[in-house]
Amino acid sequence: MSAYLDSLNSGQREAVEYLEGPLMIVAGAGSGKTKVLTTRIAHLMHQGVDTFRILALTFTNKAAKEMKERVELILGDNSARSLFIGTFHSIFARILRFEAESIGYPSNFTIYDTTDAKNVIKDIVKSLNLDEKLYKPATVYNRISAAKNNLYTYKDYQADYDIKQEDERSKRPMMGVIFEKYSKQCFKNGAMDFDDLLVNMYLMLTTHPESLSKYQHKFRYILIDEYQDTNTAQYHIIKLLGAMHENICVVGDDAQSIYSFRGASVKNIFQFQKDYEDVKVIKLEQNYRSTESILLAANAVIGHNKTQIEKSLWTENGKGQKINLVCTFTDNDEGRHVADSISEKKLRNHFKNSDFAILYRTNAQSRSFEESLRRSNIAYRIYGGLSFYQRKEIKDFVAYLRIIVNPKDEESIKRVINYPTRGIGKSTISKLTLYANENDKSFWDVLCECRAAGIGGRAASSIENFVVMIRAFQSMESKKNAFELAEEVGKTTGLIKSLYNEGAVEDLARYENAQELLNAIQEFTQTPDEEGEIIEKSLGIYLQQITLLTDADKDDPEDSDVVTLMTIHASKGLEFPNVFVVGLEENLFPSSQSLYDLDDLEEERRLFYVAITRAKTNLWITYANHRYRYGKLVSNESSRFLDEIPEDLVDTTHARKPKSGQFSAKRDPLKQALQQRKVQKANYNHEVKGQFVADSPKDMKEGTKVEHQRFGFGKISALEGPEANKIATIEFDLLGKKKIMLNYAKLRIVNV
DNA sequence: TGCGCAGGTGTTTTT
DNA sequence: CACCTGCGCA
């Protein structure tokens, strides 16, 4: 039989082998959830299920990527590549690309990120002459988003009595009108925001029975990760897609539900059992990740929540070290203490940087740790925060590309029509907008006939030049690939040049970012796939992909060894040998916004539970008596959650109020030793680091031993295809057989 | 029209 | 503290 089943415990194995009919896996933290999901997919394929009939949905790209890689690893070949594994948003975007026209959208629809969406809202609030303090873009956006996540259209919204009451109470009676205008504007722009990807998927399925039936047939097996985080829209889509075969497997843990602010509802877990007859429920309660102390602490904390599914997580792992509770004077001391602890732990126990994670409640907390780590010469990486694609210079560049692909995208046109400066000012824009609205024309069409809109003189000729330029780009689209086109855009628009000319240091960085965007597009077009598979690589697809990428999706360099800094939200699903959970203070964690609502407070507690359960071996929990907030030093009480951890599990050596600077270890002998170690390590790393120069495909023959930049070492076992485009089958030491297109793969020959 | 500066304002969490 | 906005000036 299949060897991959052998490493599973009985519950896991049952979950993998129960293929037909609805299945709910209640999987506690660290109980091997990902292993079950990936093995299940591999098992399905092993049973002869076609890859394109399996749909697996996750919440983050990272989780999707890991799942794909692990399936590949189990199967030992690249047959996993055509699996539909991805986030709800990215998979639906992919499907909607095919189906968009049936609901009136162009297939090259633009995907608006939160910033784009807020800009549209800002314009609408202005055009309605509303109080911009009251109708702040973020507030309006959140309200609309919440409605959409519940599948409310603007019509539903306007008709709902309770909503109306609520908006009037908060003095925002025009919310429904803004929602309507926003929806119409996005549609007119051929654009969808994040929520629309769900809403429109639902709309498409419910209004086009033939499409619904197509996807119901196609996806014979559906798997949903983190089911406790699904919102109403996602819930209904899953239900629709799975209605024919009812082979829906959901994995979830109510204790880890931390996205209710995004419309997620734990109720979906309970509802699942009511929606289908004979739902098989399997609980995974053995934790393989953490020491007993860590697990006991986590269980004790979550025990303070009223609402939860009964389960008890246990482990066979040893008791392990006590949890370190650390109190410092200020947030800067907190940073220093964490950096020092990492140094010390590295030295004593020979951990790598990547064995450590610092987890915090809010992104703003990263500052003190960045400083202390930098000072201690510890490499780190912050996940989250501003994505590469949200930087101004990148958004500007992308806006041009978006216009080429989808000229209806008014938002993008407005963003760059006068950047770089070409003398098309505010008054001209508002004239054009007015004319467009009055004559029911798209902004682009009005640009094309700007003189009819009453524009003359210099502005008119500038606009005409702009239109000619964009049209020229559009006609290049069929002749050039995405990279060549983007390069042309950078040159012709003067975008690259304007960045280069600005001269200051940060401008140089922006210039380099623009170059990096070009590199990314180049890579997208040139390297069809890791395995050399060729799929469509149009500019339109590229643009739809990048909006859904976050900073966390960026690949780490192969040789990177860094401490991870991230929010607790972002850490879900990950594990580290050593974890610092920081900032355990009232008003911060639990957040000040959550103190007056039991449900909110319980969600904060679940968040703390998630944080604790990331740790495998060592856990530190820290807090500071004083912290800079808005530039002012404020004092804090320790978090109520700390009192919920049984005392006997905690080491309080550093928990008593220290004097400021107590933990700064200027004369620490450890530090000197560390310096030496660093030098050694650098030498050692040097060999590994060395520039990876790929060898020519011509020199590769059957039997040649090679090294792949990502896949490691292997041997070519077969060659096929024409001389100019040879495809090699390579047996990798770690990953097994893979087919690689030599023209695209980066391989170097290993001399034995 | 464009840029620089002063002042106000705000912090959860993310696809 | 850091970002954004609005205002005033060239």
Side-chain angles (χ1 to χ4, degrees), chain A residues 57-64 86-93 111-115 117-119 122 126 132-133 136-139 141-142 145 148-149 192-199 201 226 229-231 233-234 257-264 331 359-368 383-387 389-390 392 418-429 458-459 462 502 544-553 566-572 583 585 587-595 600-601 603-604 606-608 610-611 627-634:
Chain A
L57 297 174
T58 66
F59 278 81
T60 62
N61 295 301
K62 211 174 179 186
T87 63
F88 281 88
H89 291 84
S90 70
I91 294 282
F92 293 171
I111 300 175
Y112 281 167
D113 67 17
T114 318
T115 317
K118 284 179 190 165
N119 284 340
K122 211 187 279 174
K126 265 187 199 153
E132 288 178 50
K133 292 249 159 61
K136 274 179 253 171
T139 313
Y141 176 80
N142 288 337
S145 172
K148 283 188 188 171
N149 284 327
M192 301 188 196
D193 66 18
F194 289 142
D195 303 314
D196 288 333
L197 292 172
L198 308 181
V199 169
M201 178 75 186
E226 310 279 15
D229 287 333
T230 50
N231 61 34
Q234 289 160 333
S257 153
I258 53 173
Y259 280 106
S260 73
F261 69 92
R262 211 166 81 185
D331 48 354
L359 308 180
Y360 36 76
R361 178 70 237 282
T362 66
N363 284 306
Q365 282 167 262
S366 67
R367 204 212 74 240
S368 66
Y383 289 80
L386 204 59
S387 135
Y389 298 101
Q390 284 170 6
K392 188 197 171 293
N418 200 32
Y419 183 81
T421 317
R422 31 175 96 81
I424 305 171
K426 256 186 207 159
S427 58
T428 308
I429 305 275
R458 209 166 65 99
S462 287
E502 282 169 19
Q544 284 175 349
Q545 279 180 12
I546 58 172
T547 314
L548 298 172
L549 289 180
T550 60
D551 199 41
D553 301 319
M566 54 170 60
T567 63
I568 300 167
H569 280 89
S571 76
K572 192 159 66 156
E585 295 138 38
N587 295 318
L588 181 61
F589 194 11
S591 146
S592 55
Q593 331 266 307
S594 70
L595 299 181
D600 289 345
L601 193 67
E603 177 145 324
E604 293 285 307
R606 290 193 293 270
L607 196 54
F608 187 44
V610 168
R627 177 177 296 279
Y628 282 95
R629 257 188 155 178
Y630 305 129
K632 274 206 178 101
L633 199 62
V634 295

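Convention: sequence-line order gives letters A, B, ...; per-chain numbering from 1.
In this entry the distance linking CG of Leu601(A) with C1' of dT13(B) reads 15 Å, nearest Å. With rounding to whole Å, Arg262(A) atom CZ is found 14 Å from dT12(B) atom C1'. Between the CG atom of Asn363(A) and the P atom of dT15(B) there is a distance of 11 Å, rounded to whole Å. When rounded to the nearest whole Å, the span between CG of Leu607(A) and C1' of dT13(B) equals 7 Å. Atom NZ in Lys392(A) sits about 15 Å away from atom P in dC3(C), given to the nearest Å. Counting to the nearest Å, the C1' atom of dT15(B) and the CG atom of Asn61(A) are 8 Å from each other. Atom CE of Met566(A) is separated from atom C1' of dT13(B) by 14 Å (rounded to the nearest Å). The distance from atom CZ of Arg629(A) to atom P of dG10(B) is 14 Å, rounded to the nearest whole Å.
Put simply, Asn418(A) has a side-chain N or O that comes within less than 4.0 Å of OP1 or OP2 on dG2(B). Taking side-chain N and O atoms only, Thr567(A) has a distance below 4.0 Å to OP1 or OP2 of dT14(B). An OP1 or OP2 oxygen of dT14(B) is reached within less than 4.0 angstrom by no side-chain nitrogen or oxygen of Ser145(A).
Checking dT12(B), dT14(B), dT15(B) against the side-chain heavy atoms of Ala570(A) singles out dT14(B) as nearest. Ranking dG2(B), dT13(B), dT15(B) by closeness to the Thr421(A) side chain, first place goes to dG2(B).
Of all the heavy atoms in Tyr360(A) and Ser366(A), the pair that sits closest is OH-CB, 3.5 Å.
DNA chain B is contacted by both Arg458(A) and Tyr628(A); Arg458(A) maps to the nucleotide lying nearer its 5′ end (nearest heavy atom per residue). Mapped onto DNA chain B by nearest heavy atom, Ser594(A) and Thr428(A) fall at different nucleotides, with Thr428(A) at the one closer to the 5' end.
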Please list, for nucleotides 7-9 of chain B, all pairs of protein and nucleotide N/O atoms separated by less than 3.5 Å.
none

What are the atom names and distances for every N/O pair under 3.5 Å that joins the protein to nucleotides 4-7 of chain C?
{"unit_1": "dT5(C)", "atom_1": "OP1", "unit_2": "Lys122(A)", "atom_2": "NZ", "d": "3.1"}

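Residues that satisfy the side-chain contact (heavy atoms from CB on, under 4.5 Å) test with Asp113(A), not counting sequence neighbours, are Thr115(A), Asp116(A), Phe194(A), Gln390(A), Lys395(A), Thr547(A). Every side-chain contact (heavy atoms from CB on, under 4.5 Å) that Lys392(A) has, sequence neighbours left out, goes to Asp396(A), Arg415(A), Tyr419(A). Residues passing the side-chain hydrogen bond (donor to acceptor under 3.5 Å, both in side chains) test with Thr428(A), sequence neighbours excluded: none. Listed by chain and number, the residues in a side-chain contact (heavy atoms from CB on, under 4.5 Å) with Lys126(A) are Glu132(A) (sequence neighbours excluded).
Taking the side chain as every heavy atom from C-beta outward, Lys572(A) and Tyr259(A) approach each other to under 4.5 Å. The closest side-chain heavy-atom distance from Leu607(A) to Arg361(A) is below 4.5 Å. Taking 4.5 Å as the limit, every side-chain heavy atom of Ile258(A) sits out of range of all side-chain heavy atoms of Ile568(A).
At a threshold of 4.0 angstrom between heavy atoms, the contacts of Phe88(A) with the nucleic acid are absent. Residue-level contact check: Ser571(A) touches neither bases nor backbone, having no heavy atom under 4.0 Å from any strand. Residue Phe589(A) is classed as having no contact, given no heavy-atom separation below 4.0 Å to the nucleic acid.
Between the side-chain ring of Phe261(A) and the base of dT13(B), a stacking contact exists by the 5.5 Å and 30° definition.
Distance CD/Gln545(A) to OG/Ser90(A): 8.5 Å, rounded to 0.5 Å.
His569(A) and Phe261(A) have perpendicular rings, their planes meeting at more than 60° on a 0 to 90° scale where under 30° would count as parallel.
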